[in-house]
Amino acid sequence: MIIITKSSTTKELEGILELQKQNLKKDLTSEQIKEQGFVTVSHSLDDLEKMHQHEPNIIARDGELVVAYVLAMTEQSKNAIPRLVEMYESFDHIQYHGKFVSSYSYIVVGQVCVGQNYRGKGLFDQCYHAYKDYFKSKYDFAITEIASINLRSMNAHKRIGFEVIHTYTDNSAVEWNVVVWDWKRYSVWR
């Protein structure tokens with residue numbers, strides 16, 4: 001039986017890392033990337049433990065096996081994981097409804113992933129629904145970046161209510177969409 005819950009143990013964080021490893025872009029074929037999507041960043045257990053000190057992640061477990069996850073990163077995570085500094089600093093320059101993103105209370109979706117054998121079963125939506133239910137009283141919205149070539153992820157995020165607020169191209173010529181799921185503007189689940 002699959003349950004959606006908050007991560008709470010080192011074993012669950014290790015399960016997130018195992019699922020992440022199976023879906024890293026660098027280890028997938030171009031066909032897999034196009035059809036199934038991918039994750040870009042490879043975290044360490046230390047990274048996840050530092051992030052977890054501030055907020056838990058939302059996971060789906062089938063027994064003890066982590067089969068899906070949505071990572072939660074706060075502004076405090078910026079200081080714990082140096083490679084996040086650039087993204088957080090960009091929020092000082094990106095506007096959303098006439099204000100800079102950094103002036104809002106927000107949670108960053110550090111990454112989302114559903115295991116290959118569990119796709120098409122609604123886990124993406126269920127995990128995000130749990131994410132929203134858990135964090136909506138503390139934060140105005142969830143924000144993340146999605147590579148434009150990751151069409152599966154872009155379409156899934158748009159389906160549940162994320163909207164593109166900014167697009168940029170990084171130093172390696174990858175185009176990224178900054179997307180927001182505003183929990184204060186929309187009072188119903190979409």
- May I ask you to check whether over 12 heavy atoms, not counting those of K138, lie within 6.0 Å of atom NZ? yes
- Ring-ring centroid check H157 F124, cutoff 6.0 Å: yes
- Between atom CH2 of W183 and atom NZ of K132, what is the distance when rounded to the nearest 0.5 Å? 8.5 Å
- Task: Drop me the distance from I165's CD1 to I143's CD1, to the nearest 0.5 angstrom.
- Result: 4.5 Å
- Note on the structure: To the nearest 0.5 Å, atom CZ of R159 lies from atom CG of D125 at 4.0 Å
- Does E14 come within less than 4.0 Å of K11, counting only side-chain N to carboxylate O? no
- Task: Decide if atom NZ of K50 counts as having more than 12 heavy atoms of other residues, nucleotides or ligands within a radius under 6.0 Å.
- Result: yes
- Query: Residues two or more places apart in sequence or in another chain: which of them pass ring pair (Phe, Tyr, Trp, His ring centres under 6.0 Å) with Y134?
  - Reply: none
- Query: Could you walk me through whether H52 and E12 pass the side chain to side chain contact (heavy atoms under 4.5 Å, CB included) check?
  - Reply: CA-CA 11 Å; H52 200 267; E12 289 171 339; over 6 Å; no
- Quick check, are the ring centers of Y106 and Y96 under 6.0 angstrom apart? no
- Message: side chain to side chain donor-acceptor pair (under 3.5 Å), that's the test. Do S105 and D140 meet it? Break it down for me.
- Response: CA-CA 5 Å; S105 175; D140 298 319; 5.0 Å; no
- d(Q126 CD, I2 CD1) to nearest 0.5 Å is 7.5 Å
- Item | Centroid-centroid distance, Y128 to W181, less than 6.0 Å | yes
- Hey, could you give me the CZ/OG distance between F100 and S90, rounded to the nearest 0.5 Å? 12.0 Å
